[in-house]
Amino acid sequence: MKLILKYTWRYKRYLLLSLLGVAGFVLIQMGVPTLLKQIINGSIMKGDPSRLLPLVLLMLGVVMIGGLGEICMSYANSRIATNVIRDIRNDTFKKTQSFSHAEFNEFSVSSLITSTTSDAYQIMLFVQNMLRSALITPVMTISGFILIIKNNPSLFRVVLAAIPVLLIGVFFISHKSIPYSRAQQAGLDKINLNMREGISGLRVIRAFGNEDFQSRRFDDVNREYCGVSKTVYRITSIAQPGFYLLFNTMIAVILWNGSKSIGLGTMDVGTLSASIEYVFHILFSFMMLAVLFLMYPRASVSANRIRRVLESTPSIAENLENGVTETEEKGTVRFENVSFSYPDSEEPILKNISFTAEPGQTVAFIGSTGSGKSTLVQLIPRMFDVTGGRILVDGVDVRDYNIHALRDRIGYIPQKAQLFTGTIADNLCLGRKEATTAEMEQAAEIAQAAEFIEQKEGGLNAILSEGGSNLSGGQKQRLAIARAIVKNPEIYVFDDSFSALDYATDLKLRTRLKHEIKDATVLIVAQRISTIRNADKIIVLNEGEMVAEGTHGKLLSTSSIYHDIAASQLTEEELA
């Protein structure tokens with residue numbers, strides 16, 4: 001509830017407008033029955049039509065003022081609710097952008113999507129009802145009780161007896177629905193997870209003819225969610241018929257007592273008519289409050305899920321205010337006894353890694369699958385933080401940098417090239433918004449992407465579909481490399497970024513890179529010997545340890561692991 005109130009309180013102007021609107025709304029609901037009483041008692045029952053017109057005109061004025069108030073209330077409440085959901089979604093998305101892989105593993109991507117969409121929507125619905133019910137109910141109840149006591153005090157006891165019954169029923173239903181609301185949102189997470197896997201892995205599913213299995217798997221999750229939802233709605237469905245039963249019972253009691261009083265001459269018809277209206281509006285406002293309480297369990301679950309995201313502390317501190325932004329050195333990377341373990345791993349992934357990469361040097365990493373190559377280079381832009389030792393970039397520990405200043409120095413190209421919906425130019429400018437068309441064209445030429453870009457309708461303005469799915473794997477990798485070149489960083493990190501390229505394109509690209517970025521520091525993770533054989537320094541990793549270091553020629557004669565990898569890819573003449 002604190003989270004909801006915190007966001008709602010930001011819009012005090014609209015809250016004030018809503019409060020003024022509530023006054024107009026109550027004026028209609030209570031003013032019309034009061035005037036109707038005067039019309040019945042003072043004009044109709046007495047047969048005096050001369051008093052009818054002023055009262056009707058007054059009623060019309062009350063209705064117009066009240067209608068204006070209701071419009072103001074609805075407008076203000078809608079603005080507050082939509083602004084609240086906008087702010088929550090913006091803050092949640094912004095928070096997720098600061099998460100490291102550890103936080104994504106903790107929350108899961110499907111849960112974060114649910115929080116940003118469904119959970120935020122549940123809060124919006126709750127805020128809309130809260131603003132209406134929380135403001136109207138007390139005003140309506142107090143004014144209604146005052147008017148009932150003024151008209152007929154005996155009816156006050158009848159109304160007072162019904163309210164505890166209503167509140168006890170609401171509390172019971174609300175308490176029962178809380179655990180099912182939690183299970184409902186967790187079930188929605190599972191549906192999102194299955195949807196993401198089913199859509200993103202559609203080619204693999206079709207290739208293995210596994211559509212039926214995937215459909216059954218989704219159906220199981222969907223049925224589980226449906227069962228929980230049915231239970232929630234079955235519990236909450238008791239509320240409305242229960243309310244109408246209570247309301248009709250109250251009306252029957254009032255009519256019975258009222259008819260007796262009219263027969264005894266202690267009450268008139270207008271008073272009875274107005275009293276029924278007062279009771280109706282009091283109970284209806286309580287029903288609105290009851291609906292709010294019934295919505296609260298699910299809104300509370302949603303708010304707690306979002307609060308967990310917003311209040312979580314990222315494991316990687318960004319140092320936005322006090323972090324280092326400028327250094328004298330440019331392009332130096334130094335590992336000093338670096339070790340790293342994932343939070344849930346029993347054994348270190350990297351152990352005591354030490355090396356130095358200088359500006360103008362190309363340092364390559366090779367080793368068997370699972371040796372820690374990709375993890376090692378991901379530590380440089382702080383995708384993870386080291387658990388032992390330290391990494392220095394330009395003489396400064398990466399943990400002491402302003403995170404944006406650190407990453408501005410680095411052009412990181414992952415093996416799986418991630419492109420975004422938009423134009424090719426939009427993707428190339430991701431790291432440097434002010435890049436010119438000439439710079440993008442030059443980067444595309446260096447990355448061997450210019451030819452296929454020219455063949456696209458619109459060239460640099462050609463639209464890429466989600467994830468760049470209208471490009472081949474090699475084309476996506478070349479665009480990712482061009483994107484890093486446009487950024488023009490001090491340090492290039494190629495994390496197996498040439499794996500989807502044919503040998504000829506790989507050779508051309510590396511030849512151009514060597515010429516164009518000769519002053520930058522280049523770190524390459526690769527499986528192909530041909531990609532790294534001309535590197536200034538090759539580091540061989542095995543089970544997270546640095547087992548050899550040297551040039552291609554030196555390692556062929558000094559490292560059995562490197563020799564075995566080379567022997568599997570090169571001819572005997574090339575090994576000699």
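With a 4.5 Å cut-off on side-chain heavy atoms, Leu19 and Val139 do not count as touching. A heavy-atom distance below 4.5 Å is found between the side chains of Arg382 and Asp385. Using a 4.5 Å heavy-atom cutoff, the side chains of Asn319 and Ile403 are not in contact. A 4.5 Å side-chain heavy-atom check between Leu15 and Leu131 finds at least one atom pair inside the cut-off. Side-chain atoms of Ile88 and Leu310, non-hydrogen and from C-beta on, never get closer than 4.5 Å to each other. Between Gln418 and Lys476, every side-chain heavy-atom pair lies at or beyond the 4.5 Å cut-off. Contact check for Ile123 versus Ile85: no side-chain heavy atoms found under the 4.5 Å cut-off.
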> Would Ile136 and Met73 satisfy side chain to side chain contact (heavy atoms under 4.5 Å, CB included), going step by step from the backbone distance to the final call?
Replying inline: CA-CA 10 Å; Ile136 287 176; Met73 179 181 65; 3.7 Å; yes

> Stepwise, does the side chain to side chain contact (heavy atoms under 4.5 Å, CB included) test hold for Leu464 with Phe420?
Replying inline: CA-CA 7 Å; Leu464 299 183; Phe420 301 92; over 6 Å; no

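Side chain of Asn402 to backbone of Ala405: a donor-acceptor contact under 3.5 angstrom is found. Side-chain N or O atoms of Lys95 include one that pairs as donor or acceptor with a backbone N or O of Ser312 at under 3.5 Å. Under a 3.5 Å cut-off, the side chain of Asn222 and the backbone N or O of Phe218 do not form any donor-acceptor pair. A side-chain donor-acceptor contact under 3.5 Å links Glu439 to the backbone of Thr436. Judged purely by atom type and a 3.5 angstrom limit, Ser74 has no side-chain atom pairing as donor or acceptor with the backbone of Ile71. Looking at Asn427, its side chain never comes within 3.5 Å of a backbone N or O of Ala480 through a donor-acceptor pair. In this structure, Arg89 contributes its side chain and Thr117 its backbone to a donor-acceptor pair below 3.5 Å. Ser18 places no side-chain N or O within donor-acceptor distance of the main-chain N or O of Tyr14, the cut-off being under 3.5 Å.
Minimum heavy-atom separation, Val221 to Gly187: CG1-O, 4.2 Å. Nearest approach of Thr325 to Arg409, heavy atoms of both residues: O-NH2, 3.1 Å. Here the closest non-hydrogen pair linking Arg483 and Leu428 is N-CD2, 3.8 Å. Shown here for Ala484 and Pro489, the closest heavy-atom pair between the two residues is O-CD, 3.3 Å. Taking every heavy atom of both residues into account, Ala183 and Val228 meet most closely at CB-CG1, 3.9 Å. Closest of all the heavy-atom pairs between Ala299 and Gln122 is CB-O, 4.4 Å.
In this model, a donor atom of one side chain and an acceptor atom of the other lie less than 3.5 Å apart for Asp91 and Tyr7. Residues Tyr401 and Asp408 bring no donor and acceptor atom of their side chains to less than 3.5 Å of each other. Side-chain contact, Asp426 with Thr423: a donor N or O sits under 3.5 Å from an acceptor N or O.
In this structure, CD on Gln378 lies 5.5 Å from CZ on Phe384, to the nearest 0.5 angstrom. Between atom CZ of residue Arg305 and atom CG of residue Leu112 there is a gap of 9.0 Å, rounded to the nearest 0.5 Å. To the nearest 0.5 angstrom, Ile424 atom CD1 is 6.5 Å from Lys456 atom NZ. For the atom pair CD1 of Ile306 and CZ of Arg308, the computed distance is 12.0 Å after rounding to the nearest 0.5 Å. The CZ atom of Arg10 sits 5.0 Å away from atom CG of Asp87, with the distance rounded to the nearest 0.5 Å. Separation of atoms CG (Asn461) and CD1 (Ile463) is listed at 7.5 Å; rounding is to 0.5 Å.
The environment of Glu434 atom CD is dense: over 12 non-hydrogen atoms of other residues, nucleotides or ligands sit within 6.0 angstrom. The 12-atom threshold is not exceeded at CE of Met195, counting heavy atoms of other residues, nucleotides or ligands nearer than 6.0 Å. The neighbour count for Gln97 CD, taken as heavy atoms of other residues, nucleotides or ligands under 6.0 Å away, is above 12. Atom NZ of Lys12 has more than 12 heavy atoms from other residues, nucleotides or ligands within 6.0 Å.
Salt bridge Asp219/Arg223: present, at least one basic N to carboxylate O contact under 4.0 Å.
Figure legend: cation-pi geometry between Arg132 and Phe25, with NZ or CZ positioned under 6.0 Å from the six-membered ring centre and within 45° of its axis.
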